[in-house]
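The next block holds one structure in the form of structure tokens; read it before the comments.
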Protein chains: 2
Amino acid sequence: MTATIKDVARLAEVSISTVSRVINDSKPVSPEARRRVLKAIEDLGYKPNEVARSLVTKKSNLIGVIVDDIGNSYVANIVRGIEEIGRMYNYDILLCSSYGDRQIETKFIQVLTTKQVEGIILVSEIVNHEVINNINEYKIPFVYLNRYYDIVDMPTVSMDYTQASKQMMNHLIELGHKKILYITQSMDNDLTIEKRKIKGYMDSINSINEGPHIYEVNGHRISFGYEIGEEVKELVNQNEITAIFCCQDEIAIGLMNYFADNNIKIPDDISIAGFGDITLASIYRPKLTTIREPYYDIGAVAIRRILKVISGEHIEEKSINLPIQLVIRESTKKINK
Amino acid sequence: MTATIKDVARLAEVSISTVSRVINDSKPVSPEARRRVLKAIEDLGYKPNEVARSLVTKKSNLIGVIVDDIGNSYVANIVRGIEEIGRMYNYDILLCSSYGDRQIETKFIQVLTTKQVEGIILVSEIVNHEVINNINEYKIPFVYLNRYYDIVDMPTVSMDYTQASKQMMNHLIELGHKKILYITQSMDNDLTIEKRKIKGYMDSINSINEGPHIYEVNGHRISFGYEIGEEVKELVNQNEITAIFCCQDEIAIGLMNYFADNNIKIPDDISIAGFGDITLASIYRPKLTTIREPYYDIGAVAIRRILKVISGEHIEEKSINLPIQLVIRESTKKINK
DNA sequence: CTGAAAGCGCTAACAC
DNA sequence: GTGTTAGCGCTTTCAG
């Protein structure tokens, strides 16, 4: 069996309290006693049992993180941010993947609470009302991160999407594009972040006195972008579209795949812009012009918030907005008249 | 405060032992008592404190997973496998990212042990001798997963790389290629998995009475594949190479990026094959012909092994080999004479 | 079938 | 400075 504090105390010929004191540096201990304790710890290879410690201190130093799918690069980046900052404060993370199942998300919140995590970060792609309605009962610091939906009345960290959308439109307009197609997501309620992006598009398109062209895609995987290729191509031809602004990098890449397979050259024949700056965006050829959403920072800010709540600091605002950044690469270029 | 077993006992007017019995279904309880306990649990919203439970049962139901970087898609897939199977057995995972730092890996093993994890899976890209030499002292079920190095005398799960390499060569040879360049990794010891891949290449190239062409790259990121582009191009020209087999998808993609930027058409001008089947491989255009390494399964098998050790089953072999799979896509094609 | 009591490994009063 | 002791919330003998 592994050594316990008792074993150390016995070997060092002191009481367990003294051992506890030197481990935690919580109270003064005589140099001599300290030396003996340290020696005993060394000899026994003693490591404090964090479970026992948690039980009495009620501090597990654990943050529960529920994600949709760690395989998404943006999720991985959020988790990186969470973990790296958490680590600085000596917190470990307990990872759970829900694969988009509401019931599983809810269940995880329960199991995480029983594991005595001190905070929970939910990275979801759906809106889980059950969680939203009941999370307060758990009285546990909580942050709800959602890439697609506006989370209201809940602690979250987000970005100014309308502004971002406008920035991209400005870029396109500066390149001489006027007939700009926006590809949006058809989603299931009014609280979509998409709405904010569309607003940015509409504001910009109105400002140059052009009419909007909007196409709806139903899903956010690369394959969906591919599947809409043909219809988009027709739309482009009918309306003399010269640039396409996609609400999601994945869609943009799927579309570029379709164009590549159908001999349409990007950016010579048409400019394409995305949103998100997923890992692929800079690897794909042509490299995708897009908007970088600072996911690492989102994770970092989310856990900082939780840590603050844990340490009793008062937090004013529920929602924090992070700056986004326009990333101009190869998929957009000056219009050729 | 949250309700404890005592509160439940008091409300149900039974002893805490009875409550414990109904929670764990560990011993018969009279229907009447059970009913009252269940009611009390319901009324109080009681959830057992897993920390306290762990302390007495010595079962944390936690598996520690130390990864290099969760942002790598293959790592994410391993973690998925670990988590999904772990979940089936009611195990949660504690995630730590080392970013390739040996000392941090070692430190994590320590903190994980103090957290009383019941097993540790290390997903590393380097060889950490300190871990290898000391892990036995911890007497904790352990699996060492390494994508680049052969792990010997340690529980691990791997694949038959030589065989895989031969399969790819066969595919290339069947397409009519003879002058095949292999791009290898220059790595720092004899225990590299690369050695096994090279063996497959050499065996095949010998079997068709051709001479080997091998180029060394020093790193496994996409950017490295790009950087060697020019030199590879010259080599190809000098030796009339018609196909390139890269030891890693990342290198293949970096190279294809270089070729795309320099007007060399894949697969018309030259065939390229990778190894790994990373997410990008099927998204990139042209889609990459490669070898699929079953990372999800590796994670799944790794945790199954740990679970078996925990449950006291005897495990014979240290190392398990999983089958790989040739994935033929667009980047290789019949040689045009 | 049920309750009392011991104890998991540790921290934190509380005395000395 | 140091030791004694009472728990933290739970499981598990051991009697009854």
Side-chain angles (χ1 to χ4, degrees), chain A residues 1-41 44-62 90 110-118, chain B residues 1-38 40-41 44-62 90 110-118 139:
Chain A
M1 279 288 82
T2 125
T4 74
I5 197 170
K6 270 190 192 167
D7 302 320
V8 176
R10 196 175 310 128
L11 189 64
E13 298 182 298
V14 295
S15 73
I16 59 168
S17 340
T18 303
V19 178
S20 174
R21 279 165 198 141
V22 350
I23 297 168
N24 299 299
D25 225 1
S26 48
K27 285 205 174 176
V29 171
S30 73
E32 168 59 11
R34 156 165 281 115
R35 204 191 50 69
R36 290 215 309 275
V37 170
L38 259 18
K39 171 110 174 43
I41 288 178
L44 263 38
Y46 168 76
K47 298 273 175 314
N49 179 327
E50 291 294 338
V51 171
R53 193 178 262 180
S54 292
L55 183 58
V56 23
T57 60
K58 272 131 175 42
K59 286 197 61 45
S60 64
N61 278 70
L62 246 32
N90 211 22
Q110 301 222 5
V111 335
L112 288 173
T113 355
T114 66
K115 295 250 179 198
Q116 310 302 115
V117 297
E118 296 179 44
Chain B
M1 281 287 85
T2 125
T4 76
I5 198 171
K6 272 190 190 167
D7 302 321
V8 176
R10 195 175 311 129
L11 189 64
E13 298 181 299
V14 294
S15 72
I16 60 169
S17 336
T18 303
V19 177
S20 174
R21 278 165 198 140
V22 351
I23 296 169
N24 300 298
D25 226 0
S26 49
K27 285 206 174 176
V29 171
S30 72
E32 169 58 9
R34 156 165 281 116
R35 204 191 51 68
R36 290 214 308 275
V37 170
L38 259 19
I41 288 177
L44 263 36
Y46 168 77
K47 299 272 175 316
N49 178 328
E50 290 295 338
V51 171
R53 194 177 261 180
S54 291
L55 183 59
V56 21
T57 59
K58 272 132 174 39
K59 286 196 61 44
S60 64
N61 278 72
L62 245 33
N90 210 23
Q110 301 223 5
V111 334
L112 288 173
T113 7
T114 66
K115 295 250 179 198
Q116 311 301 115
V117 297
E118 296 180 44
K139 305 209 180 309

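So you know, we letter chains A, B, ... as the sequences are listed, proteins then strands, and number each from 1.
- Taking atom CG of B:L55 as the reference point, atom P of C:dC8 lies 9 Å away to the nearest angstrom.
- Bending across the helix from C:dC1-D:dG16 to C:dC16-D:dG1, expressed as the angle between its end axes from five pairs apiece, amounts to 40° (10° rounding).
- Judged as a salt bridge (Lys or Arg N to Asp or Glu O under 4.0 Å), the pairs with a partner in residues 16-34 of chain B (not counting sequence neighbours) are, in order, B:D25-B:R34, B:E32-B:R35, B:E32-B:R36.
- Taking atom CG of residue A:L44 and atom P of nucleotide C:dG9, one finds them 13 Å apart after rounding to whole Å.
- In plain terms, the two heavy atoms of B:I5 and B:Y46 that are nearest each other are N-CE1, 3.5 Å.
- Between B:T4 and the phosphate of D:dG9, there is no side-chain N or O to OP1/OP2 separation shorter than 4.0 Å.
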For this session: Do nucleotides 11-16 of chain C as a string where each nucleotide becomes B, S or -: B if the base has a protein heavy atom under 4.0 Å, S if just the sugar-phosphate does, - if no protein is that close.
Result: BBB---
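- Under 4.0 angstrom from either OP1 or OP2 of C:dG3 there lies at least one side-chain N or O belonging to B:T18.
- Distance NZ (B:K59) to C1' (C:dC8): 15 Å, rounded to an integer number of Å.
- Here D:dT12 presents its P atom at 12 Å from NZ of B:K58, a figure rounded to the nearest Å.
- Taking atom CD on B:E13 and atom C1' on C:dG3, their separation rounds to 15 Å, with Å as the unit.
- Note: CZ (A:R36) to P (D:dG1) measures 15 Å, nearest angstrom.
- Between A:S15 and A:A9, the shortest heavy-atom contact is C-CB, 3.8 Å.
- Within 4.0 Å of B:V14, counting heavy atoms only, lie sugar-phosphate atoms of the nucleic acid but no base atom.
- Neither side chain, A:R53 nor A:N61, offers a donor N or O lying under 3.5 Å from an acceptor on the other.
- Rounded to whole Å, atom C1' of D:dC8 lies 13 Å from atom CG of B:D7.
- Counting non-hydrogen atoms of other residues, nucleotides and ligands closer than 6.0 Å to CD of B:Q110 gives a total above 12.
- Closest non-hydrogen pair, A:V111 versus A:T114, comes out as O-OG1, 2.7 Å.
- Here A:I23 contributes atom CD1 and A:L38 contributes atom CG; the two are 9.5 Å apart, rounded to the nearest 0.5 Å.
- Judged by distance alone, the side chain of B:S54 and the main-chain N or O of B:E50 form a donor-acceptor pair under 3.5 Å.
- A straight line from CD of A:Q116 to C1' of D:dG9 spans 9 Å, rounded to a whole angstrom.
- Counting only distance, with no hydrogens or angles, the side chain of A:E118 and the backbone of A:S60 share a donor-acceptor pair below 3.5 Å.
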